[in-house]
Protein chains: 2
Amino acid sequence: MTTAQRPTLEAVARRAGVSRATVSRVVNGSTTVAEPIRDAVRRAVAELGYVPNLAARSLVTQRTDSIALVLPEAATRVFSDDQVFPGIIRGAAQELEAADKQLVLMLAGSPAGHDRVERYTTGRHVDGVLFASLHGEDPLPGRLARLGIPVVCSGRPLDGADVPYVDVDHVGGVATAVRHLLDSGRRRIATIAGPQDMVAGIERLAGYRNTVAEAGLPELVATGDFTRESGATAMRQLLAEHPDLDAVFAASDLMAHAALRALREAGRRVPDDVAVIGFDDIETAAYTEPPLTTVRQPIVQLGRQMTRLLLRLAAGEAIESVVLPTELIVRESA
Amino acid sequence: MTTAQRPTLEAVARRAGVSRATVSRVVNGSTTVAEPIRDAVRRAVAELGYVPNLAARSLVTQRTDSIALVLPEAATRVFSDDQVFPGIIRGAAQELEAADKQLVLMLAGSPAGHDRVERYTTGRHVDGVLFASLHGEDPLPGRLARLGIPVVCSGRPLDGADVPYVDVDHVGGVATAVRHLLDSGRRRIATIAGPQDMVAGIERLAGYRNTVAEAGLPELVATGDFTRESGATAMRQLLAEHPDLDAVFAASDLMAHAALRALREAGRRVPDDVAVIGFDDIETAAYTEPPLTTVRQPIVQLGRQMTRLLLRLAAGEAIESVVLPTELIVRESA
DNA sequence: TTGTAAGCGTTATCAC
DNA sequence: GTGATAACGCTTACAA
């Protein structure tokens, strides 16, 4: 295993018969280099297989050309099959590829992980930080922002910090879903809410409350944590407390999926006896029994948009938070 | 937005009244520093909020303390809900957290992305590279390995390159599944194979072939690409060509899921008329109708094991490829 | 045990 | 247009 000495700027310069400075200019695309010299340098670069040392570059430019994506990794939930995090990762990766920057992934589940994220990001080892759906009132985004580190969150920060964010229109999406239920004559509409320490959970519940209140109907609420398991429990609870319910809006497709099964086990037919609507539009939604009507959120777009904002922020531009639209996908469950 | 000058070693040294070298020693945990001095330095570090500049450190140590995870991102497949890539990411992240190293994620879908990965990794911007399930005979892992860059693949490289890998026991897992079908009296056992340009696809088909041949039964094969869509198509094709089939082994849970629906649409009952077994044990498998019997592969473990090997390789140790066991999870579909 | 000093490979500011 | 040269912040012989 030969530790092939990597060629440096110096080596390229010697080979091309020019100075280091000139090679640097060519490599960085400066236009002030004479045609023939530029060609000579390019040839030398190719012949030697020169690749710039990013550490050296970072040291002087104070840029790292990489950004961090911080995921909460709430134990099992993250990377279950709800596709939210993979979607964000994918969107971010696409956008960064275009900008030729790197994606550093950090899971901040444990307190130790959280510290690690703080050290790493405050240490300016990245040009900016993306936070994916936080739990509770995490002070980190606000803290980083105050230190002048570019930060963008997915969803409005719960601690009220003035940090730019990208989110989807939870309230509007849920309102559309509940109205769809109302339009089809449902009058005992329940909800399986998401965790109330996350924006997505809070806002989807708010959307439900607004809409049933407007219609003069009662609130029938049970709370889960977006997982199937919690959805099953919540559905059974709702059935026990409100046996006459005729519709359920679940704040995630996973919970809706479990609700579908719980309803079947309880002898209710979907949608005849009870209509069900979910939120997310994960791939599985089209394959449940019956196929799930759901509110689609543009999750890859979310990742892309967050990244685009972050890059602009890092470039010194002023940016504004963005809310992306949702869309009701009608299948057979409602 | 004040560009808060970050404190350097120099600043800490001045504050603690020692030399830069001593601070460096303390920061890097050298034991040859006198107790009181160490304390003084630690205090200065804390007071100033000093965080080492990794670029500067890399420049001199020639290490980056980060490793790349390369994902193929075959269009839609990656980050669909098969949880394979998220699982690998998660395992890698866990293991790297323990080692206090960073995870750089690279999607290498397009040819441009592929080039980008090559430039970046050959440029020694990472201490090692993890490749997740390659398509076809990608020459990159072998090329990097020959350059002396630590590389570990998930699955044996198809181009025969001598690169260490971690894989799961596809053949054994499938054999167990098919024998389970045989034991329950099935005799017309079909398979929906995975893509034949991926190890997972190839080996799972081989496992099926071996086992039905041993039993003296005919091969009934249709091929998909691990997605639900392809699974549905394959299932319909199998039903058309072999209407008397009484069991199906699908090389992925997604394809098995689609097969379940296709069978129902064709009026076959599962498992009464046709038994179905999948591969993966994704979360959805427990929620299909009926719940899916499947071969579980330890996907997070795969990510962890790959990472552990890579770190040892980067540390100069000799390592051996590893094959992880699979397990048949019996539910109701077979 | 601690300090001095020489790089690590770039970019950027000057002169020329 | 091109070339010296001084940083950038750190680690690590080597000296003391």
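Each chain gets a letter, A, B and so on, in the order its sequence line appears, and its residues count up from 1. Computed over heavy atoms, backbone and side chain alike; hydrogens, waters and symmetry mates excluded.
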Which residues pass the salt bridge (charged side-chain N to carboxylate O under 4.0 Å, His left out) test with [X], sequence neighbours left out?
{"X": "B:Arg15", "result": "B:Glu47"}
{"X": "A:Arg14", "result": "A:Glu10"}
{"X": "A:Glu95", "result": "A:Arg304, A:Arg308"}

Original post:
Does a donor on one side chain and an acceptor on the other come within less than 3.5 Å for B:His114 and B:Asp138?
Top reply: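 A donor-acceptor contact under 3.5 Å links the two side chains.
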Starting at atom [atom1] of [X], determine the distance to atom [atom2] of [N], rounded to an integer number of angstrom.
{"X": "B:Glu10", "N": "D:dA7", "atom1": "CD", "atom2": "C1'", "result": "13 Å"}
{"X": "B:Arg124", "N": "C:dT10", "atom1": "CZ", "atom2": "P", "result": "14 Å"}
{"X": "B:Leu54", "N": "D:dC8", "atom1": "CG", "atom2": "P", "result": "18 Å"}
{"X": "B:Asn53", "N": "C:dG9", "atom1": "CG", "atom2": "P", "result": "16 Å"}
{"X": "A:Arg63", "N": "C:dT10", "atom1": "CZ", "atom2": "C1'", "result": "12 Å"}
{"X": "B:Leu59", "N": "C:dT11", "atom1": "CG", "atom2": "C1'", "result": "12 Å"}

**OP:** Identify, with sequence neighbours excluded, every residue that meets side chain to side chain donor-acceptor pair (under 3.5 Å) alongside A:Arg42.
**Re:**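 Per chain and number, A:Arg42 pairs via side chain to side chain donor-acceptor pair (under 3.5 Å) with no residue.
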Original post:
Which of residues 30-44 of chain B sit near DNA chain C, with a heavy atom under 4.0 Å from it?
Top reply: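 DNA chain C contact set from residues 30-44 of chain B: B:Thr32, B:Val33, B:Ala34, B:Ile37.
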**OP:** Could you tell me whether the phosphate oxygens of D:dG9, OP1 or OP2, come under 4.0 Å of any side-chain nitrogen or oxygen in B:Thr8?
**Re:**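 B:Thr8 to D:dG9 OP1/OP2: no side-chain N or O under 4.0 Å.
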**OP:** Output yes when B:Asp167 and B:Arg156 qualify as a salt bridge under the 4.0 Å nitrogen-oxygen rule, no when they do not.
**Re:**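 Salt bridge flag = no for B:Arg156 with B:Asp167.
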Original post:
What string of B, S and - do you get for nucleotides 11-16 of chain D, 5' to 3', when a contact is any protein heavy atom under 4.0 Å?
Top reply: BBB---
Original post:
Taking B:Ser24 for the side chain and B:Arg20 for the main chain, is one N or O donor matched with an acceptor at less than 3.5 Å?
Top reply: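 Pair absent, no side-chain N/O of B:Ser24 close to backbone of B:Arg20.
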Original post:
With a 4.5 Å heavy-atom cut-off, do B:Val84 and B:Gln297 have their side chains touching?
Top reply: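 SC-SC contact between B:Val84 and B:Gln297 confirmed.
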